[in-house]
Amino acid sequence: MSNKNRKYSSKIVDGVEQAPSRAMLRAVGFEEEDFLKPQVGIASTWSMVTPCNMHINQLAEAAAQGANSSGCKSVIFNTISVSDGISMGTKGMRYSLVSREVIADSIETVVEGQGFDGLLAIGGCDKNMPGCLMAMARLDRPAIFVYGGSIQPGKDRTDVISVFEAVGAHSEGKISDIELLEVESKAIPGPGACGGMYTANTMASAIEALGLSLPNSSAKEAVSSSKNKDCVEAGEALSNLINQNLTPRKLLTKKAFENAISIVIALGGSTNAVLHLLAIAYEAKVELSIDDFTRIGKKVPVLADLKPSGNYLMSELIAIGGITPLMKTLFNEGLLHGDALTVTGKTLEENLDSVEDYSKDQNIIKNFNDPVKKDSHLRILYGNLAPEGAVAKISGKEGTLFKGKAKPYDSEEQAMKAIMEGKINEGDVVVIRYEGPKGGPGMREMLSPTSAIMGKGLGDKVAFLTDGRFSGGTHGFVVGHISPEAHLGGPLALVEEGDEIRIDTEKNEVSLEVDEETLEVRKKNWKSPKEESQGVLRKYAKMVGSASSGAVTT
C-alpha cells in the first residue's frame, strides 16, 4: 500500500526508529503485513450507561470486519456517553451537552495521537453523534459515520416519552401507582435510541443528509441484521474514501448543511438539531447561522407525522422505507441539492436514483398537497427577550400566538416543584432561567417539566421559555436557546412574576411587554444567583459560547 494511503500511519510505524511503536502494536494484534495497510480508528461509543449504546460494541466489531476485509487495519477505541434520558431532571443533565465537546476532543486526541489514516465512528445517543461529526470535521481525514439505530417500541407503542408524561398524569391522579409502574417497566424493551423523531433520530437523519453516512443508515433498528450489514458496508466504504482522499470538508459544504436542515424540517425534528448543525458547521469552517433555518424553513414543509407531536414511531417509518424516499421526494420538489457529494463517492442525486417512492397506502409521510405543516416547525425568534435569537418548536397544533403572564423560576428544579404542586395554570408562561450554556452550566434540557405539563393536560394551555434546551421529545408551546442567556444579564434575567409575555411564531417574535425604563431599573439591581462551578463544568463555562452560534467551546 502506497504512502499516499498511509499519510498519517506511515509516520508512526515506518522505519528503524519506529520499531518500539511496531512492538507495541504487535501486542494488540498487528501482523507484519498490517504495518503496510492504512490504519483506521473505529470510534465506538459503547457503554452500559444507556440502552442507546449498549449494543455498539457488536456494531464496532462488524465495522472493523468490513474495514479489514477491504485492505485496512482497524483499531477499535472508545469514547464516553452521558444519557439524557437517565440524567434528565437532575444536575447530572448539566454534563450532557458538555459531553459533546468531550467526545469530539477525545476522538481528535486518539486519532491524532495514533496517526490513523481514517475514522469510522458509531454513535447512538443525542450528544455522541454530533460529537463524532465535530471531530470528523475538525480532523478532516477520510471518515464515515454509522448510527447505532433506533429502539423497538415498548408495549402499546410506548417509549421513554410515555414514561415522562405518565409522571405528570400520575401527579394529577389520572393514573395509579400500578399503571405508572406498568408504563415504566415496558416502555424501553432493549437496545437503541429513543423511538420517536427525537434528537437521536433527528441527528442520524441530518448526518445522512450531510452525506457522512451511507444511504438509509439513519433508518435501521438497532437490533437488526440490516444494521449489522450497514456497519460492515461502512467499514468497506471507508477504504474507498481513503483511496480517493475524500475527506469530510469536501462533503460538508453549505449545500450539504442546507440539505440537512431541509430533512430536519420535513421530519419535524428536534430543536437540538439547530445547536448541533451550527457546531458541526463551525468545525467544518462553513458559514451557517440560525437565520439559515428561517430562510430554508419558509419553503420546506413538515411532512412526517412522527412523535412527539405526531402519531408514529421511527420503527414504523423504517418499515415503509426509511429516510431515502423522503429525500427523493424533497429532491424532486427542488428542495435538496442533488450535486452534494456523499461518502459513497457519488452525489446525493446518484444515491437516490434507484430509490423507490413510499407506497400510497401509508400515512406516516404526507404529500405536499396535504402537509403536517406548510412551513417549518423550527422558528427562530427575536425580540426584546431574545436580542440574539431563540429557537421555538411549533408544530401548529398549539397555535401560533401565545400571550400570558410570566412565572419565572431560577432553575429547572424550582419550576418542576411548582408544576407538581399544581401552581401552574392555564395562560401561564413558565420561565426557566440560569440554565444556559454558561449559567447552567451545560444548558440542560427541560423534558421533565414539559412532560409533566403534558401529563397534566395543560400542553396547549401553557408556554415555556428558557435559556436552556428542550429535549427532542418535548412538544407544546416551547421556546429555548434564548440568547443572551440570563447568567450574562440577558433580558430573561429581568422577568418578574406577572409580566406579560407575547410569543408570535408568525412574526417570529418573543417580547416582554414591559417598558424600557422599568427594565433599566431592574438591570441595575440585578445579580446572577449562580455559584461558581468546579471541574469540567467550570472549564466549560469559561470556554463555551452562545447558544445562537452552537454553544461551541473556543
Side-chain angles (χ1 to χ4, degrees), residues 42-60 63 77-90 92-107 120-136 145-152 159-161 163-164 187-208 212-213 217-223 227 230-231 269-273 275-277 279-280 308 313-315 442-445 447 469-474 551:
I42 310 290
S44 168
T45 57
W46 171 84
S47 72
M48 292 302 290
V49 167
T50 167
C52 308
N53 297 69
M54 62 188 286
H55 63 302
I56 286 179
N57 55 342
Q58 298 162 4
L59 300 184
F77 67 96
N78 262 82
T79 185
I80 66 162
S81 280
V82 172
S83 171
D84 292 9
I86 296 170
S87 64
M88 194 73 70
T90 74
M93 185 65 195
R94 289 178 179 162
Y95 290 85
S96 171
L97 189 58
V98 175
S99 76
R100 186 189 73 178
E101 313 305 306
V102 175
I103 290 161
D105 290 350
S106 68
I107 292 175
L120 186 152
I122 309 173
C125 201
D126 294 10
K127 305 307 170 297
N128 56 53
M129 288 192 282
C132 288
L133 265 287
M134 290 166 68
M136 289 177 176
F145 178 81
V146 179
Y147 178 39
S150 187
I151 197 170
Q152 294 177 343
D159 63 4
V160 67
I161 306 304
V163 188
F164 277 99
I188 304 172
C194 301
M197 192 45 64
Y198 314 141
T199 302
N201 283 317
T202 297
M203 286 310 302
S205 304
I207 291 167
E208 183 176 325
L212 263 290
S213 59
S217 177
S218 64
K220 290 178 169 60
E221 287 186 335
V223 182
K227 177 47 66 180
D230 180 38
C231 293
S270 166
T271 53
N272 280 315
L275 202 68
H276 298 327
L277 288 173
I280 296 165
L313 291 163
M314 187 66 179
S315 58
M443 205 179 178
R444 287 193 288 181
E445 290 180 353
L447 181 58
R469 297 181 291 132
F470 289 109
S471 163
T474 294

Where [X] and [Y] come nearest, the two heavy atoms and their spacing:
X      : Y      : value
Gly92  : Val82  : O-CG1, 4.5 Å
Met197 : Ser205 : CE-OG, 4.3 Å
Ala200 : Gly124 : CB-O, 4.4 Å
Ser218 : Met314 : O-CE, 3.4 Å
Ser96  : Ser99  : O-OG, 2.5 Å
Phe470 : Glu445 : C-CG, 4.1 Å

Yes or no on side-chain contact (heavy atoms from CB on, under 4.5 Å) for His276 and Leu97, after CA distance, side-chain angles and deciding distance?
CA-CA 10 Å; His276 298 327; Leu97 189 58; 4.0 Å; yes
For the pair Ser83 (side chain) and Thr50 (backbone), establish whether a donor and an acceptor sit closer than 3.5 Å, ignoring hydrogens and angles.
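Pair absent, no side-chain N/O of Ser83 close to backbone of Thr50.
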Roughly how far, to the nearest 0.5 Å, is the [atom2] atom of [Y] from the [atom1] atom of [X]?
X      : Y      : atom1 : atom2 : value
Met88  : Arg444 : CE    : CZ    : 10.5 Å
Leu59  : Ile42  : CG    : CD1   : 11.5 Å
Ile86  : Cys52  : CD1   : SG    : 8.0 Å
Ile280 : Leu212 : CD1   : CG    : 8.0 Å
Ile103 : Leu133 : CD1   : CG    : 11.5 Å
Leu447 : Met93  : CG    : CE    : 8.5 Å

Step by step, would you call Thr79 with Ser106 a side-chain hydrogen bond (donor to acceptor under 3.5 Å, both in side chains)?
CA-CA 7 Å; Thr79 185; Ser106 68; 2.6 Å; yes
Given side chains that start at C-beta, do those of [X] and [Y] come closer than 4.5 Å, heavy atoms only?
X      : Y      : value
Cys125 : Thr45  : no
Arg469 : Asn272 : yes
Asn78  : Ser44  : yes
Lys127 : Asp84  : yes
Cys194 : Ile161 : no
Pro191 : Met54  : yes

How would you list, by chain and number, every residue that makes a side chain to side chain donor-acceptor pair (under 3.5 Å) with Ser471, sequence neighbours excluded?
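Ser471 satisfies side chain to side chain donor-acceptor pair (under 3.5 Å) with no residue once adjacent residues are dropped.
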Taking only residues two or more places apart in sequence, or in another chain, which ones meet Asp126 in a side chain to side chain donor-acceptor pair (under 3.5 Å)?
none
Determine whether Leu313 and Asp159 satisfy the following criterion, side-chain contact (heavy atoms from CB on, under 4.5 Å), listing intermediate values before the conclusion.
CA-CA 9 Å; Leu313 291 163; Asp159 63 4; 3.6 Å; yes
Give the intermediate values and the outcome of side-chain contact (heavy atoms from CB on, under 4.5 Å) for residues Val146 and Lys227.
CA-CA 9 Å; Val146 179; Lys227 177 47 66 180; 4.2 Å; yes
Between Asn201 and Tyr147, does the side-chain hydrogen bond (donor to acceptor under 3.5 Å, both in side chains) criterion hold? Intermediate values first, please.
CA-CA 9 Å; Asn201 283 317; Tyr147 178 39; 2.7 Å; yes
Hey, mind stepping through Lys220 and Ser150 against side-chain contact (heavy atoms from CB on, under 4.5 Å) and telling me if it holds?
CA-CA 7 Å; Lys220 290 178 169 60; Ser150 187; over 6 Å; no
